[in-house]
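Quick notes on the structure that follows.
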Amino acid sequence: MRCEAGAKEEGVIAKVAKAEKVVALHTKFVDAKAAILADYSGLNVQQLAELRGQLRVAAVELHVVKNTLARRAVEETGFAPLVEHFVGPISVAFSQRDAVAMAKALTEYAKKEPKLNVRIGLVEGQVLSPGQITALAELPPREVLLGRMLSGMQSPLAGLVGVLQGVLRQLVYVIQAVKDAKEQAGAQAGQEG
């Protein structure tokens, strides 16, 4: 009888622990701007630790997840389209800031260690294939893109300033010409009178 009670208690504890994991994982999905799923089979503990370290530099978290818990965790999140991809040994990389840095770190590691197989990603509501994730990784860093955008915005403004300066310069020339003409007319009237 004590064994049955102990087994029931362990079962309850296991259910509570699973529920807590689902809630924690759900929170990760809710807070993330992007997530990439990768098959990590064949990687040893040391390689996973190395991958986590490289991802941490890019402000990315990597979690090895149980598929059933992950399927529950993505419910009612923007990552629900990923539910069918939680099959086999899967890890999830989460980024709250920079999806390009995450894609770059994962693809660079996958080039070095082909056992890491990037499967699918979701970035701001858009499902990405492995090829699209590679293309995303090839984009320049966020800071460079922002700099290009700002310079693109400054270029028309600089042109406008140049045009306005030209108009003002022409106005000054016209005023100067009118002044010179009046002075000349006044000087001629003074000589005649």
Side-chain angles (χ1 to χ4, degrees), residues 8 10-146 148-149:
K8 283 183 183 180
E10 286 176 14
V12 170
I13 290 172
K15 283 184 182 181
V16 169
K18 286 180 182 178
E20 288 174 355
K21 286 181 182 178
V22 169
V23 168
L25 196 54
H26 180 81
T27 302
K28 294 284 183 198
F29 278 111
V30 168
D31 292 343
K33 286 188 177 180
I36 295 177
L37 306 184
D39 179 346
Y40 65 91
S41 60
L43 295 178
N44 61 36
V45 174
Q46 181 181 354
Q47 290 167 323
L48 273 174
E50 180 183 346
L51 174 59
R52 279 191 173 106
Q54 288 180 6
L55 291 173
R56 202 172 298 119
V57 170
V60 176
E61 290 183 42
L62 181 74
H63 295 270
V64 172
V65 297
K66 290 191 178 227
N67 294 324
T68 53
L69 301 181
R71 285 187 204 110
R72 284 189 230 153
V74 295
E75 290 176 2
E76 299 178 19
T77 71
F79 294 92
L82 298 179
V83 73
E84 65 193 46
H85 298 282
F86 289 107
V87 178
I90 201 85
S91 62
V92 183
F94 294 101
S95 176
Q96 294 179 356
R97 286 188 247 145
D98 191 357
V100 174
M102 174 175 59
K104 195 172 295 234
L106 279 169
T107 55
E108 283 178 10
Y109 191 83
K111 285 177 188 173
K112 185 179 102 176
E113 187 52 66
K115 292 177 186 174
L116 181 69
N117 181 20
V118 175
R119 283 196 192 167
I120 194 162
L122 197 135
V123 177
E124 296 183 12
Q126 183 74 31
V127 176
L128 303 178
S129 68
Q132 290 170 316
I133 293 168
T134 302
L136 180 65
E138 292 170 357
L139 286 175
R142 183 174 189 266
E143 294 77 19
V144 172
L145 290 174
L146 287 173
R148 288 180 184 172
M149 183 183 74

Salt bridge (Lys or Arg N to Asp or Glu O under 4.0 Å) partners for [X], two or more places apart:
| X | answer |
| --- | --- |
| E50 | K112 |
| K33 | none |
| D31 | none |

Between [atom1] of [X] and [atom2] of [Y], what distance do you get to the nearest 0.5 Å?
| X | Y | atom1 | atom2 | answer |
| --- | --- | --- | --- | --- |
| L122 | I133 | CG | CD1 | 9.5 Å |
| F86 | L37 | CZ | CG | 4.5 Å |
| I36 | F94 | CD1 | CZ | 11.5 Å |
| K66 | R71 | NZ | CZ | 12.5 Å |
| K111 | T134 | NZ | OG1 | 7.5 Å |
| H63 | R52 | NE2 | CZ | 7.5 Å |

For S129, is there any backbone N or O sitting under 3.5 Å from a side-chain donor or acceptor partner on Q132?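 Between the backbone of S129 and the side chain of Q132 there is a qualifying donor-acceptor contact (under 3.5 Å).
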
For the residue pair F29 and F79, categorise the inter-ring angle as parallel (less than 30°), tilted (30 to 60°) or perpendicular (more than 60°). tilted

So which atom in [X] and which in [Y] form the shortest heavy-atom distance, rounded to 0.1 Å?
| X | Y | answer |
| --- | --- | --- |
| A99 | V123 | CB-CG1, 3.7 Å |
| M102 | L55 | O-CD2, 4.4 Å |
| S95 | V60 | CB-CG2, 4.2 Å |
| A58 | A105 | CB-CB, 4.5 Å |
| P130 | V118 | CG-O, 3.5 Å |
| T77 | V30 | CG2-CG2, 3.9 Å |

How would you list, by chain and number, every residue that makes a side chain to side chain contact (heavy atoms under 4.5 Å, CB included) with E113, sequence neighbours excluded? L43, Q47, Y109, K115

Applying side chain to side chain contact (heavy atoms under 4.5 Å, CB included), name anything that partners P89, two or more places apart in sequence or on another chain. D39, Y40, S41

Is the shortest heavy-atom distance from the side chain of L25 to the side chain of V74 under 4.5 Å? no

Does anything in residues 83-94 form a side-chain hydrogen bond (donor to acceptor under 3.5 Å, both in side chains)? List the pairs, not counting sequence neighbours. none

